[in-house]
Amino acid sequence: MLSALVADIGIPPCPEMLMRLRAELGRSRPRTEELARTAMTDVAVSAALLKLAYAPWMGGERGRGRGTVAQAFERLGPARCTALLSALVLREVLPAHGPSLERFWDVANRRSVAMAWLARRHGTVAPDVAQTFGLFCDVGIPVLLQRFEAPSYRVTLAEANLGWRPFTEVERARHGTDHAVVGAALARTWGVGEDIVEAVCLHHDYRVLGAPQRHRPPSLLIALALVAERMIQLHRGRNRHGEWLRGGAQALATLGMTADDFDDWSDEIRTQMVLSGP
């Protein structure tokens with residue numbers, strides 16, 4: 001089913017740079033200099049990576065100059081740098097048109113960073129895997145915005161965001177598919193790991209958070225994403241979050257978190273990175 005969507009929806013192929021990075025990561029000992037050399041084939045993307053790698057919320061020091069791309073790979077690790085590069089390349093391939101998509105990429109970035117932080121604290125999912133999932137989980141939305149002429153899919157988004165019905169149910173009723181399966185098809189096409197592909201496909205199906213599935217990697221990723229998104233919503237002063245009402249309790253149970261844990265981590269993450277904002 002996912003492979004058929006690639007041709008039908010028009011999913012963009014994985015850029016050569018990312019394919020080469022993932023091939024190098026697949027080696028028993030990835031070569032930092034080769035990773036850096038590959039990243040620098042796209043000057044704009046490698047420059048943006050440096051800006052991200054030395055940002056305060058990534059542990060950089062204010063007022064301190066940035067190093068080289070190779071030093072960024074050494075400092076953050078090859079897998080995490082590749083996750084950051086995926087985010088930058090995705091935004092190039094699926095450019096924002098209008099304020100709604102600018103907000104989409106802003107939220108995707110904040111969610112991916114928050115998920116990496118939560119994964120380090122929780123300790124059951126690798127931070128770079130969590131960060132990659134945070135980036136890809138809703139990537140089907142800009143794909144569908146390109147596929148269906150305006151205002152068709154924008155009307156769908158407005159209805160889905162009301163929260164009266166499950167998001168993907170609204171999409172399927174209007175377009176015969178949804179952003180979760182489209183995003184999973186893109187993730188697989190771009191060589192993302194199967195746990196992430198499965199989590200993208202199921203991230204609005206909160207039945208996967210029930211026992212005995214709750215301790216599988218896809219379930220943990222979905223739970224971390226729900227927690228991260230709820231924190232972002234609260235920090236922005238937006239209390240309405242239909243997805244949290246549907247799956248929040250299960251997400252906390254899956255992660256073994258209490259309401260007090262949530263509040264403590266939410267306060268801590270807010271002091272360490274910018275989750276609020278426009």
Side-chain angles (χ1 to χ4, degrees), residues 1-2 4-5 8-9 11 94 100-101 103-108 110-112 114-115 118 130 133-148 150-188 192 195-234 236 238-255 257 262:
M1 181 179 71
L2 294 184
L5 280 173
D8 185 47
I9 298 294
I11 289 171
L94 300 169
S100 60
L101 265 183
R103 285 193 296 272
F104 169 84
W105 288 117
D106 177 65
V107 170
R110 294 174 193 273
R111 177 180 56 229
S112 65
M115 285 190 65
L118 289 168
F133 173 69
L135 167 68
F136 276 89
C137 70
D138 282 335
V139 77
I141 289 176
V143 175
L144 290 175
L145 277 168
Q146 290 189 349
R147 172 64 175 82
F148 297 106
S152 175
Y153 188 67
R154 292 186 185 276
V155 172
T156 302
L157 284 179
E159 181 181 341
N161 281 320
L162 291 174
W164 295 337
R165 287 195 292 162
F167 201 111
T168 51
E169 181 182 304
V170 175
E171 292 176 308
R172 287 193 297 270
R174 292 178 60 89
H175 304 290
T177 189
D178 61 70
H179 76 279
V181 294
V182 170
L186 186 147
R188 178 169 288 164
V192 173
D195 283 339
I196 297 174
V197 172
E198 183 180 347
V200 172
C201 192
L202 298 174
H203 75 276
H204 282 283
D205 184 354
Y206 301 126
R207 292 174 297 181
V208 302
L209 300 181
Q213 303 181 76
R214 63 174 50 168
H215 298 303
R216 297 181 61 242
S219 300
L220 293 168
L221 288 170
I222 292 168
L224 283 170
L226 261 177
V227 169
E229 288 182 356
R230 179 59 173 168
M231 289 177 177
I232 293 169
Q233 289 283 330
L234 291 176
R236 290 179 160 194
R238 300 172 186 171
N239 196 41
R240 190 182 70 183
H241 188 190
E243 297 304 316
W244 184 255
L245 293 176
R246 291 190 180 90
Q250 299 97 303
L252 292 177
T254 296
L255 299 172
M257 290 177 63
F262 177 94

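Sequential numbering from 1 along the given sequence is applied to the chain's residues. Hydrogens, waters and symmetry mates are skipped; everything else that's a heavy atom, side chains included, is used.
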Taking all atoms of both residues into account, what is the closest heavy-atom pair of [X] and [Y], and its distance?
X: V227; Y: A251; answer: CG2-CB, 4.4 Å
X: V200; Y: F133; answer: N-CE1, 3.5 Å
X: H215; Y: L220; answer: O-CD1, 3.8 Å
X: R246; Y: P166; answer: NH2-N, 3.4 Å
X: H175; Y: S152; answer: CE1-OG, 3.2 Å
X: V181; Y: T177; answer: CG2-OG1, 3.2 Å

Hits for salt bridge (Lys or Arg N to Asp or Glu O under 4.0 Å) against E229, two or more places apart or cross-chain, chain-then-number order -> R111

Hits for salt bridge (Lys or Arg N to Asp or Glu O under 4.0 Å) against R216, two or more places apart or cross-chain, chain-then-number order -> E198

Distance (rounded to the nearest 0.5 Å) between [X] [atom1] and [Y] [atom2]:
X: L144; Y: L94; atom1: CG; atom2: CG; value: 10.5 Å
X: W244; Y: L234; atom1: CH2; atom2: CG; value: 8.5 Å
X: L252; Y: L209; atom1: CG; atom2: CG; value: 10.0 Å
X: H179; Y: C201; atom1: NE2; atom2: SG; value: 10.5 Å
X: E243; Y: N161; atom1: CD; atom2: CG; value: 9.0 Å
X: T156; Y: L145; atom1: OG1; atom2: CG; value: 9.5 Å

* How about V107 and D138: do any of their side-chain heavy atoms sit closer than 4.5 Å? ->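 No; the side chains remain at least 4.5 Å from each other.
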
Any side-chain to backbone donor/acceptor pair from H204 onto T168? Under 3.5 Å, distance only.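 Not at all, since once roles are kept as given, no pair shorter than 3.5 Å links the two residues.
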
Counting N and O atoms only, with roles assigned by atom type, does the side chain of S112 sit under 3.5 Å from a partner on the main chain of A108, one being a donor and the other an acceptor? yes

*Decide yes or no on side chain to side chain contact (heavy atoms under 4.5 Å, CB included) for F136 and V197, but give the supporting numbers first.*
CA-CA 9 Å; F136 276 89; V197 172; over 6 Å; no

* Asked: Are Y153 and E171 linked by a side-chain donor-acceptor pair shorter than 3.5 Å?
  -> yes

Sorted by chain and residue number, the side-chain contact (heavy atoms from CB on, under 4.5 Å) partners of P217 (sequence neighbours excluded) come out as D195

